[in-house]
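Data first, discussion second: the structure below is written as structure tokens.
All chains are named by letter (A, B, ...) in the order of the sequence lines, taking the proteins before the strands, and each is independently numbered beginning at 1.
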2 protein chains.
Amino acid sequence: MTTVTPSTAADRTGVSIDTLRYYEREGLIGPIRRSPGGRREYTEEDLFWIGLVTCFREAGLGIADLREFVALLRADHPPQNRVAFLRERRAALEQRVAALRRAMDVLDEKIAYYS
Amino acid sequence: MTTVTPSTAADRTGVSIDTLRYYEREGLIGPIRRSPGGRREYTEEDLFWIGLVTCFREAGLGIADLREFVALLRADHPPQNRVAFLRERRAALEQRVAALRRAMDVLDEKIAYYS
DNA sequence: CTCGTATCTGGAGCGCGCTCCAGGTCAAGA
DNA sequence: TCTTGACCTGGAGCGCGCTCCAGATACGAG
């Protein structure tokens with residue numbers, strides 16, 4: 001399996017090495033495989049997963065949310081609450097979109113007023 | 001002019017008294033008028049403005065952004081950059097909406113997969 | 001006037017999400 | 001072999017946005 005060094009992983013995901021280690025400590029990614037010498041070796045799957053985490057972070061989900069999300073999506077988890085949890089998260093994101101729309105409406109009004 | 005005590009202002013805006021004072025210190029609201037004894041007296045305009053600030057905070061704008069926003073909207077400001085600034089903020093909010101949509105798409109995919 | 005509650009100020013403390021640092025290890029090139 | 005630079009760990013530090021606290025003052029009800 002072809003793997004990649006920490007600095008390359010950082011370059012390719014846009015996430016700093018420190019943050020990658022932080023995410024791993026927090027259980028959001030990995031655990032990442034190690035070389036005989038103890039260095040991390042990121043697989044393509046790892047990079048993909050980091051992309052998912054980044055996507056959710058950019059959407060404003062907190063570390064604790066993501067930890068729960070990860071735990072739920074890891075294959076070994078009993079699937080019972082999965083869909084409910086996912087729907088709940090989706091609804092929360094919709095709330096955030098609504099808040100953004102309200103703010104944008106205010107801005108539009110001000111823009112119209114000053115134009 | 002009818003005014004309102006700090007605790008009433010907090011109740012009506014949903015913002016804690018401490019946070020109201022914090023916002024005032026940071027220049028996001030007020031300065032709030034004082035009674036002879038030194039207590040704050042919030043006018044209806046103050047409450048309305050607090051609502052605006054809250055709206056933007058909920059949309060994820062930072063304190064520094066809001067300070068700039070407030071400075072720009074306060075009547076005495078030269079109007080030259082106003083509209084540009086507002087449009088810029090609007091674009092930033094649109095970016096955030098886009099990030100949320102990406103995350104929601106991922107969730108939808110997972111929901112479909114597990115349903 | 002007294003009591004109790006609300007409010008005042010300045011400043012400390014906190015949770016989050018990184019970010020940085022010291023001191024040491026590993027590994028590729030000259 | 002020696003040097004150089006990427007990487008390791010554990011832990012400290014930081015900026016943000018509150019939130020809480022101590023000690024003092026204001027003020028309405030009885």
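Using a cut-off of 4.0 Å between Lys/Arg side-chain N and Asp/Glu carboxylate O, A:Glu94 and A:Arg101 are scored as not salt-bridged. Salt bridge annotation for A:Arg102-A:Asp105: absent, with no cationic side-chain nitrogen under 4.0 angstrom from a carboxylate oxygen. Ionic pairing of A:Arg34 and A:Glu41 is not present here: no N-O contact between side-chain nitrogen and carboxylate oxygen is shorter than 4.0 angstrom.
Taking CD1 from B:Ile32 and OG1 from B:Thr3, the interatomic distance works out to 10.5 Å, rounded to the nearest 0.5 Å. Rounding to the nearest 0.5 Å places CZ of B:Arg40 at 13.5 Å from CZ of B:Arg33.
In this structure, A:Tyr42 atom OH and D:dC7 atom P are separated by 9 Å, rounded to whole Å. Between the CG atom of A:Asp18 and the P atom of D:dA6 there is a distance of 14 Å, given to the nearest Å. We find that CZ of A:Arg21 is positioned 7 Å from C1' of D:dC8, with the value rounded to whole Å. Remark: P of D:dC8 and CZ of A:Arg33 are 14 Å apart, rounded to the nearest angstrom.
Residues A:Pro6 and B:Arg57 both approach DNA chain D. Their nearest nucleotides, taken by heavy-atom distance, put A:Pro6 toward the 5′ side. Between B:Ser16 and B:Gly38, the residue anchored nearer the 5' end of DNA chain D, judged by the nucleotide with its closest heavy atom, is B:Ser16. Between A:Gly37 and A:Thr19, it is A:Thr19 whose nearest contact on DNA chain C lies nearer the 5' terminus.
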If you look only at distance, which donor and acceptor atoms sit under 3.5 Å apart when one is on a side chain in residues 47-65 of chain B and the other is two or more places apart or in another chain?
from	atom 1	to	atom 2	distance (Å)
B:Trp49	NE1	B:Leu28	O	2.8
B:Thr54	OG1	B:Ile50	O	2.8
B:Arg57	NH1	B:Leu61	O	2.4
B:Asp65	OD1	B:Arg89	NH1	3.2
B:Asp65	OD2	B:Arg89	NH1	3.4

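Dashed line: the shortest gap from a side-chain N or O of B:Ser35 to OP1 or OP2 of D:dC27 is under 4.0 Å. Contact annotation: B:Arg39 side-chain N/O to D:dC27 OP1/OP2 distance is not under 4.0 Å.
Close approach of DNA chain C to chain A, defined as any atom under 4.0 Å from a non-hydrogen atom of the protein, starts and stops at C:dG17 to C:dA27.
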